[in-house]
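One structure below.
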Amino acid sequence: MTHSRLNLTRTLAALMLCSAGIAQADPVTDARKEGAANMALSLNERLASDNIKVKVTDAKAIVTGKVASEDDKQLAAQITTAVTDVTAVENRLVVDAALEEQPLAKPAQLITLEDLTLATTLRARFSWSTPTMGSPLDVRVEGGVVTLRGQAATAQAKEWAGVLATNTKGVIVVNNLIGLRASDAKTTEAEVQVRSPDERVTDAWIASRVANSFNYDRGLDALRLVVKVADGVVSLSGEADSQAHKAHAVAITRQIRGVRGVDADLLRVASTAASIEG
């Protein structure tokens, strides 16, 4: 093989390698990985801020910005690796202890997601509850501020909607603008149930809705409350923080659709709270 042919062969081989490298690089895939990493970091409760950015190129992620501690720096790298599935992460994050003293600023996208989740939670709680199940209520949430509109079937429905919203975790303020038609002003909850009999619900359905209601409620520790249902009668046991919290748990349970009775004899009040209240 002549010298010129050898050079040509080497040139063609080099071009083939370059082409292979270009084929492997996928800007669209890199962009998707970047988006996934940045979203995951912004949604993390410890890292949620606009200070961290991720750039992905050819299976390598570069993380830049500021965090409050070395632990947060390592956490950001671990999340980036898990979400992007890259082969290497270059962690350029700078630890700034001053950030530890600043309140965590939530990004706009995180606030929006929390508002959407909160609105969905409230709609679910309204649909599970006997007083509000027949009322077409509109729920809007912006920055944790809840605005309720629509027409309530009863005065009790309007009041109970406000109680449920106010006691739901994540709610900051409730604007209860629910209206009540003049013709329904004196309608009772019992009359509404006669007009719109509830569909048949199972004990398992009731138990799950009671437990979920406890979990969503800011004043109750769902992990310390035990729910059992037999033939529509709910038995509550475990421990409540105070007598008021116990009464609140019973009130929520009574309003769940399909509940025929509540037995809270085995629901204890925490000893410290009992001694103080006594």
Side-chain angles (χ1 to χ4, degrees), residues 21-125 139-147 165-175 211-224 241:
I22 293 173
Q24 291 175 359
D26 186 351
V28 175
T29 300
D30 290 346
R32 288 175 178 169
K33 290 182 177 181
E34 284 178 15
N38 284 309
M39 177 64 75
L41 292 170
S42 69
L43 295 181
N44 185 273
E45 291 185 357
R46 286 187 56 171
L47 303 174
S49 73
D50 294 325
N51 293 327
I52 306 175
K53 299 297 179 185
V54 178
K55 177 68 177 178
V56 177
T57 304
D58 296 342
K60 178 181 179 181
I62 300 175
V63 188
T64 58
K66 295 181 180 181
V67 290
S69 66
E70 189 65 33
D71 289 339
D72 288 351
K73 179 177 180 177
Q74 297 304 318
L75 175 61
Q78 292 170 3
I79 292 175
T80 300
T81 301
V83 172
T84 60
D85 194 28
V86 294
T87 57
V89 174
E90 184 176 339
N91 195 341
R92 298 181 184 175
L93 287 171
V94 176
V95 176
D96 184 354
L99 294 176
E100 196 76 64
E101 302 175 0
Q102 298 178 7
L104 194 62
K106 294 182 179 179
Q109 64 266 31
L110 178 57
I111 295 175
T112 299
L113 289 175
E114 289 179 344
D115 287 345
L116 290 172
T117 301
L118 190 51
T120 300
T121 298
L122 291 174
R123 292 187 189 102
R125 297 195 73 181
V139 182
R140 301 294 174 87
V141 184
E142 186 172 351
V145 177
V146 177
T147 301
T166 299
N167 287 284
T168 298
K169 293 175 182 176
V171 173
I172 298 175
V173 177
V174 176
N175 298 316
N212 284 335
S213 294
F214 290 167
N215 187 51
Y216 292 141
D217 201 279
R218 72 169 75 249
L220 301 175
D221 186 350
L223 296 178
R224 293 159 59 202
D241 288 332

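Residue numbers count from 1 along this sequence.
When side chains are defined from C-beta on, Lys73 counts as touching Asn91, because their heavy atoms get closer than 4.5 Å. In this structure the side chain of Glu142 never reaches within 4.5 angstrom of the side chain of Thr147, judged on heavy atoms. Looking at heavy atoms from C-beta onward, Arg218 lies in side-chain contact with Val171 at the 4.5 angstrom threshold.
Judged by distance alone, the side chains of Gln74 and Gln78 never bring a donor and an acceptor atom under 3.5 Å apart.
When atom types are taken as modelled, the side chain of Thr84 and the backbone of Ala37 share no donor-acceptor pair closer than 3.5 angstrom. In this structure, Asn167 contributes its side chain and Asp217 its backbone to no donor-acceptor pair below 3.5 Å. Listed for the Arg123 side chain is a donor-acceptor partner under 3.5 Å among the backbone atoms of Val139. The closest donor-acceptor contact from the side chain of Lys169 to the backbone of Asn215 lies under 3.5 Å.
Interatomic distance, Ile62 CD1 to Thr80 OG1, rounded to the nearest 0.5 Å: 11.5 Å. With values rounded to the nearest 0.5 angstrom, Asp96 atom CG is found 11.5 Å from Asp72 atom CG. Ile52 contributes atom CD1, which lies 8.5 Å from atom CG of Leu75 (distance to the nearest 0.5 angstrom).
Closest approach of Gly143 to Ile172, counting heavy atoms only: O-CD1, 3.3 Å. Closest non-hydrogen pair, Asp115 versus Gly144, comes out as OD1-N, 3.1 Å. For the pair Thr57 and Asp30, the tightest heavy-atom approach, listed with the atom from each and the gap, is CA-OD2, 3.7 Å. Closest approach of Val83 and Ala40 over heavy atoms only: CG2-CB, 3.7 Å. Scanning all heavy atoms of the two residues, the minimum distance from Ala61 to Val56 falls at CB-CG2, 4.1 Å. Scanning both residues, Leu93 and Ala76, for their nearest heavy atoms gives CD1-CB, 3.5 Å.
Within 6.0 Å of CD on Glu90 lie more than 12 heavy atoms contributed by other residues, nucleotides or ligands.
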Q: May I have the step-by-step check of side chain to side chain contact (heavy atoms under 4.5 Å, CB included) for Arg224 and Asp241, ending in yes or no?
A: CA-CA 9 Å; Arg224 293 159 59 202; Asp241 288 332; 2.5 Å; yes
